[in-house]
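Quick note: numbers below take in every heavy atom, side chains included, and nothing from hydrogens, waters or symmetry partners.
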Amino acid sequence: MSQSARPLRLSTLDKDFEDRFRQRLHWSGETDAAIESRVADILADVRQRGDAAVLDYTARFDGLQATTVSQLELSQAELKAAFDALPVTQREALQAAALRVRSYHEAQKRASGESWSYHDADGTLLGQKVTPLDRVGIYVPGGKAAYPSSVLMNAIPAHVAGVGEIIMVVPTPKGEKNQLVLAAAFVAGVSRAYTIGGAQAVAALAYGTGSVPAVDKITGPGNAYVASAKRRVFGRVGIDMIAGPSEILVLADGTTPAQWVAMDLFSQAEHDELAQSILLCPDGAYLDQVQREMDQLLPLMPRREIIAKSLNDRGALIQTRDMQEACAISNRIAPEHLEVSSGNPHQWEPLLRHAGAIFLGAWTSESLGDYCAGPNHVLPTSGTARFSSPLGVYDFQKRSSLIEVSELGAQTLGKIASVLAHGEGLQAHARAAEMRLQDVSKS
């Protein structure tokens with residue numbers, strides 16, 4: 001069956017641009033009510049029956065039979081064997097990517113992840129203590145495809161942060177284990193790994209079972225069941241984010257080969273039918289050229305049906321008045337991935353405020369960020385880059401305030417606290433501060 005990829009063509013000069021633009025951007029993140037109900041049942045069952053429920057759901061959904069959860073745990077020896085058995089090219093690529101991801105997150109930790117304190121004029125110590133989480137769970141998708149890169153992006157920053165134990169869960173339908181995923185777990189320093197997936201895996205991590213230890217935070221992407229489960233267990237454990245479909249926005253000035261840009265749009269469209277790929281450019285002829293390249297490239301893509309549906313339903317080629325307007329529209333979209341494909345990307349970067357990751361210049365394809373550039377590829381989607389950030393070392397740390405008030409400092413702060421506490425009607429608060437005030441008349 002022939003396929004064509006025809007993203008919606010828009011111009012900011014069109015009278016109906018705003019309406020059509022908003023309609024194209026709209027995506028409902030609301031999970032189907034039936035999924036929500038099913039997930040609630042699974043969470044409650046795992047919380048009550050523990051290992052037995054995990055085994056039942058793993059058999060039902062993944063077709064993986066086991067009598068104990070320990071049979072679903074992957075040993076460190078198996079992870080290392082998977083790494084050792086890889087072709088040399090894959091071993092070297094995995095190690096090179098891991099090194100770059102680790103180097104980036106170590107720099108991130110040095111920049112923002114250290115404790116600090118200072119003494120004020122009266123000798124009072126004030127500061128912040130940064131400590132890693134004790135134990136985290138990382139969810140690695142394993143249904144339609146395998147994602148060793150997700151192992152690196154979730155486990156390495158946790159490891160760099162100093163997390164004591166990293167528990168990985170990954171579905172293995174019919175018991176088929178992806179050796180590259182197992183090898184990535186070995187390279188990234190995963191402590192324990194289980195072949196469990198879906199809402200039951202999230203429940204096991206959140207509540208703990210007889211075999212799977214409860215964690216403090218769960219990170220990593222998944223399907224609608226996983227996203228719903230993470231939303232429901234938030235509060236008992238921390239979560240990174242609720243991820244929506246993948247997105248790419250390309251700002252182009254027409255100087256990058258059109259074939260490159262067409263393939264960059266494909267790179268996100270091939271994730272799934274709900275992914276969104278948008279191109280903004282002031283040059284209408286260049287948009288025509290990109291469309292022609294897509295027409296020629298699509299038949300060569302193994303996932304062409306997914307690409308075509310994604311671009312037809314959610315893609316857009318938008319002609320803007322100029323690059324400044326393109327930057328303004330980009331800020332409205334707040335995309336997950338933002339490519340600035342221009343001759344001088346640093347001219348436009350200061351205008352860009354909202355994006356999960358910004359890829360500067362024609363040579364910087366988004367796919368490099370997905371795998372090996374170094375920065376994390378777990379990014380905010382669906383416009384949430386307006387207020388949230390990529391996964392990082394800081395997601396695996398917590399901060400405690402440090403306060404050590406000196407005797408002299410208690411005399412000043414105590415009076416202030418007393419006045420405010422009485423004003424709030426909290427007399428015990430006021431008295432606790434007042435008891436530490438020295439009676440100057442008796443000294």
- Quick check: does any side chain N or O of Lys230 sit under 3.5 Å from a backbone N or O of Met241, one acting as donor and the other as acceptor? yes
- Side-chain touch Val151/Val170, heavy atoms, less than 4.5 angstrom: no
- Step through the shown structure and confirm whether more than 12 heavy atoms of other residues, nucleotides or ligands are within 6.0 Å of CZ on Arg399. yes
- Basic-acidic side-chain contact under 4.0 Å: Arg60, Asp56: no
- Greater than 12 external heavy atoms within 6.0 Å of Glu18's CD: yes
- Modelled atom types, side-chain donor and acceptor of Glu336 and Ser246, under 3.5 Å: yes
- Report, as yes or no, whether the 6.0 Å neighbourhood of atom NE2 on His429 holds more than 12 heavy atoms from other residues, nucleotides or ligands. no
- Query: Does a side-chain heavy-atom distance below 4.5 Å link Ile333 with Phe21?
  - Reply: yes
- Query: Are side-chain N/O atoms of Gln23 and Asp19 paired as donor and acceptor at under 3.5 Å?
  - Reply: no
- Task: Identify the heavy atoms of Arg20 and Asp14 that sit nearest to each other, and give their distance.
- Result: NH1-OD2, 4.2 Å
- Query: Got a second to check how far Arg135's CZ is from Ile166's CD1, nearest 0.5 Å?
  - Reply: 12.0 Å
- Heavy-atom check, side chain of Pro171 versus side chain of Phe61, under 4.5 Å: no
- Side chains of Glu36 and Ser228: is there a donor and an acceptor less than 3.5 Å apart? yes
- At their closest point, which heavy atom of Ser382 faces which heavy atom of Pro245, and how far apart are they? OG-CD, 4.4 Å
- Message: Show, in sequence, the C-alpha distance, side-chain angles and deciding distance for Thr209 and Asp51, and conclude whether the side-chain hydrogen bond (donor to acceptor under 3.5 Å, both in side chains) test is met.
- Response: CA-CA 6 Å; Thr209 69; Asp51 282 356; 2.5 Å; yes
- Query: Which atom names give the shortest non-hydrogen contact between Val140 and Val181, and what distance separates them?
  - Reply: CG1-CG1, 4.4 Å
- Any salt bridge between Arg314 and Glu273, counting N to O under 4.0 Å? no
- Query: Would you call Lys309 and Asp272 a salt bridge, using N to O less than 4.0 angstrom?
  - Reply: no
- Message: Checking Ser277 against Gln268: is there a side-chain donor and acceptor pair closer than 3.5 Å?
- Response: no
- Query: Does CH2 belonging to Trp116 count more than 12 external heavy atoms closer than 6.0 Å?
  - Reply: yes
- Message: Using a 3.5 Å distance criterion without hydrogens, assess whether the side chain of Tyr194 forms a donor-acceptor pair with backbone atoms of Ser211.
- Response: yes
- Task: Identify the residue among Ser342, Pro345, Pro335, Cys327 that makes a side-chain contact (heavy atoms from CB on, under 4.5 Å) with Leu251.
- Result: Cys327
- Are any non-hydrogen side-chain atoms of Leu25 and Arg332 less than 4.5 angstrom apart? no
- Have Thr12 and Glu325 got a donor and an acceptor in their side chains that come within less than 3.5 Å? yes
- Query: Going by heavy atoms in the side chains, are Phe83 and Gln95 under 4.5 Å from each other?
  - Reply: yes
- Would you mind checking if Lys129 and Glu404 are paired as a salt bridge, meaning a charged N to carboxylate O distance below 4.0 Å? no
- Task: Report yes if the side chains of Leu152 and Tyr371 come closer than 4.5 Å at any heavy-atom pair, otherwise no.
- Result: no
- Query: For Leu298 and Phe266, what are the C-alpha separation, side-chain angles and deciding distance, and is it a side chain to side chain contact (heavy atoms under 4.5 Å, CB included)?
  - Reply: CA-CA 8 Å; Leu298 184 64; Phe266 282 6; 4.2 Å; yes
